[in-house]
Protein chains: 2
Amino acid sequence: MEPVTLKQIAETLGISITTVSKALKDYPDVSKKTKALVKDLAQTLNYKPNAFAVNLRTRESKTIGLIIPEIVHHFFSSVIKGIISQAEKKGYLVIILQSNESYKLEKKQIELLLSKQVDGILISLANATADFNHLNDIIAQEKPLVMFDKIAKIVNCSKVIIDDRKAAYNATQHLIDTGCKRIAHFRGPLLPQNSIDRFLGYKKALIDNNIFYDPSLVYICNDMTFQEGEKFAKQLLIEHKDIDGIFINTDLVAIGAIKELNKSGIKIPEEISVVGFSNWFMSSAITPSLTTIDQPGFEMGKMAFKQLYKELKAIKKGKEVKLKTIELETALVKRNSTKTII
Amino acid sequence: MEPVTLKQIAETLGISITTVSKALKDYPDVSKKTKALVKDLAQTLNYKPNAFAVNLRTRESKTIGLIIPEIVHHFFSSVIKGIISQAEKKGYLVIILQSNESYKLEKKQIELLLSKQVDGILISLANATADFNHLNDIIAQEKPLVMFDKIAKIVNCSKVIIDDRKAAYNATQHLIDTGCKRIAHFRGPLLPQNSIDRFLGYKKALIDNNIFYDPSLVYICNDMTFQEGEKFAKQLLIEHKDIDGIFINTDLVAIGAIKELNKSGIKIPEEISVVGFSNWFMSSAITPSLTTIDQPGFEMGKMAFKQLYKELKAIKKGKEVKLKTIELETALVKRNSTKTII
DNA sequence: ATTATTAACGAAAACGTTTTCGATTTGAAC
DNA sequence: GTTCAAATCGAAAACGTTTTCGTTAATAAT
């Protein structure tokens, strides 16, 4: 029941291990006859190379690590799917770990992956991450690192992102274009770049349209849950009765808000318009359906792996690694939570 | 920049590799003095054992494989989270692959994982899987295999499941208890055990309550999407105007159905009651909130890994492996899509 | 017949670790 | 001074593969 080795094939065929190994890998200095012999026997014995030995010898495992803040999340699971599908095509496997939005855990997970000698790492940062030495550790080991979605600009590695600021600008502009004059924003936590950028896009759109930017209209969602959407919508109705539009950092929160507005008898979009972010599949299912920004998760995962793969190849060939920042397109998806432009 | 090895430590300390290795692993035949010396140097040089060499030597990688039908799915991502969290505690990493509900792909993924020499495999079967030789391949290699959620009873391995039949029975009984007389069922695909069992639970509840089982009231959802829920709800309203309750295989479909019923002006639960399955977090957010069966995904993942770990340990110690089938508890979560019992 | 060239193969080192087993030293016991 | 036991160490094999380099045999060229 013991697995077949090169040695066994060599012995039964009366040739050397070297020749067997070369025959299986189609080296030119093995005759066609022995190649056929070896391959046939390998086939019938169902020979599979011992991955551990290959890893040790070649110093690579064809395995990459992936760290995300939270697995149970539609956007991230889409990204994971994109990564895995692409990795599989290139013969790479993916080890997934999550940081639970904790810097400490993120650091630990990186150490774990490095100790397991993955060939490269993909990461989307935790909200809590403000120090980046753990990321530089990866780079110091000359292992490729690609960040996606929640990135740190300062780290010297490839990145796959969207233009959050532009997308948020467009979302807000759409509210303005459809007649909104006083627009609130439910933003994400303070640290991550993308919630900052979405906030800045919102702010810039207001200013560009000569609308007064009122900081009291900005609510900070730390958990980004459905319940937070309900909570801040309720609060908003009390604190700012004159609101006619809300741009919300993410669809899940937006759907919570819509539920609360519906419950309060507010007419959407006639009285208050709502725009979300991410185009979660439920956004088209609720009533009213949610206008939102489409954020291509699957595509982002695909691109992140593709870039990592390029760098893996480059390192292997001893070529210079060209770091890239890839920006994916987003699109405003107009639905029924905003008015139509007249 | 080359990583530190045992050899280097041995040379700088003027001792043998053997002693260094033993010192680091606290073998009793190394003096306290040299142990301290070795450990100190290992610390300052930041020595990390080469995982590839350890794998080769110990014949294990502390890595397990996980195959699921679909990553972008709330239930499965919960299971994944449970698995990873538990695996991490025991020092195991998890490689995730998906079968996309395809038998062929599932088979390929297993081969991939076996060729990478994972220590064990966790799997939830694809809907399309009807042949089980690929699973027996794993067992033949004496690697532990644990199936969860979508299992095949015939395969000789441990399993983590819920009592789908009982849960479905309870769901249907609740509809009956709250006054429903003519109950439809949106079931899952034909092959997987759990959709069969849920159907059987539904049927048994009807029969036990002397309600006529009408096969035309059973609709088969092959995709299990929101859209299928809408579609069959619409169809049901045309084909069976006398329906007063629906038991639906999964929440996502149920929410689609509710949306369609709402749209058609049907009052839920007064005219038609709805019960779902899985307790997706959105089920409490929609209007009316959905009565459903709570299916503990995170717990299931945790248990599946725990069982796998037990078997890994047993194999390592040469002990007999005790296969187990673990059944997790489910609960009926009563919400507003069903009437209250008078 | 000699030399150069090519084709085909294999010995051996290497990757870095773990573990068995034997060797040496030390001190104690008699 | 011999014997024995315990303490401490290291040589070496092993895990299974890849790859360099050398060797041999066969063929072609002179």
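These figures come from a predicted structure and were not determined experimentally. Keep in mind that the numbers below use all heavy atoms, side chains included, and drop hydrogens, waters and symmetry copies. The sequence lines fix the lettering, A, B, ..., with proteins before strands; numbering per chain opens at 1.
Asn55(A) has its CG atom 10 Å from the C1' atom of dT17(D), to the nearest Å. Atom CD of Glu2(B) and atom P of dC15(C) are 10 Å apart (whole Å). Spacing between atom CD of Gln117(B) and atom P of dT17(D) amounts to 9 Å, rounded to whole angstrom units. Note: CZ (Phe52(A)) to P (dG16(D)) measures 11 Å, nearest angstrom. When the C1' atom of dT19(D) is taken as reference, atom CG of Leu56(A) falls 14 Å away, rounded to whole Å. Lys48(A) places its NZ atom 13 Å from the P atom of dT17(D), with the value rounded to the nearest Å. Atom pair Leu6(B):CG and dC15(D):P shows a separation of 19 Å (rounding to whole Å applied). Rounded to an integer number of Å, the gap from CG of Asp29(A) to C1' of dG22(D) is 12 Å.
Here Thr5(A) lies in heavy-atom contact (under 4.0 Å) with sugar-phosphate atoms only. If you check every strand for non-hydrogen atoms under 4.0 Å, Ser31(A) touches sugar and phosphate atoms only.
No donor-acceptor distance shorter than 3.5 angstrom exists from the side chain of Lys313(B) to the backbone of Lys319(B), with no hydrogens or angles considered. The main-chain N or O of Ala51(B) is found under 3.5 Å from a side-chain atom of Gln117(A) such that the two form a donor-acceptor pair. Side-chain atoms of Ser124(B) come within 3.5 Å of backbone N or O of Phe148(B) as a donor-acceptor pair. Put simply, the side chain of Lys81(A) never gets that close to the backbone of Glu70(B): no donor and acceptor are under 3.5 Å apart. Lys90(B) places no side-chain N or O within 3.5 Å of a backbone atom of Lys62(B) that could act as its donor or acceptor partner.
Comparing dG16(C), dT19(D), dC15(D) by their closest approach to the side chain of Arg59(B) singles out dC15(D). Here the side chain of Thr19(B) is nearest to one of dT17(D), dG10(D), dC15(C), namely dG10(D). Closest contact between the side chain of Lys22(B) and the listed nucleotides dT17(C), dG10(C), dT20(C) involves dT20(C). For Pro49(A), taking side-chain heavy atoms from C-beta onward, the closest of the listed nucleotides dA8(C), dT17(D), dT17(C) is dT17(D).
Across the interface with DNA chain D, nearest-nucleotide mapping of Pro28(B) and Ala53(A) shows Pro28(B) to be the residue nearer the 5′ end. Nearest-nucleotide positions on DNA chain C place Ser16(A) closer to the 5' end than the other of Ser16(A) and Thr58(B).
Note on Tyr27(A): every side-chain N or O is 4.0 Å or more away from OP1 and OP2 of dT20(D).
With hydrogens and angles ignored, a donor-acceptor pair under 3.5 angstrom links the side chain of Thr18(B) to the base of dA11(D). Counting atom types as modelled, Thr34(A) pairs no side-chain N or O with a base atom of dA8(C) as donor and acceptor under 3.5 Å.
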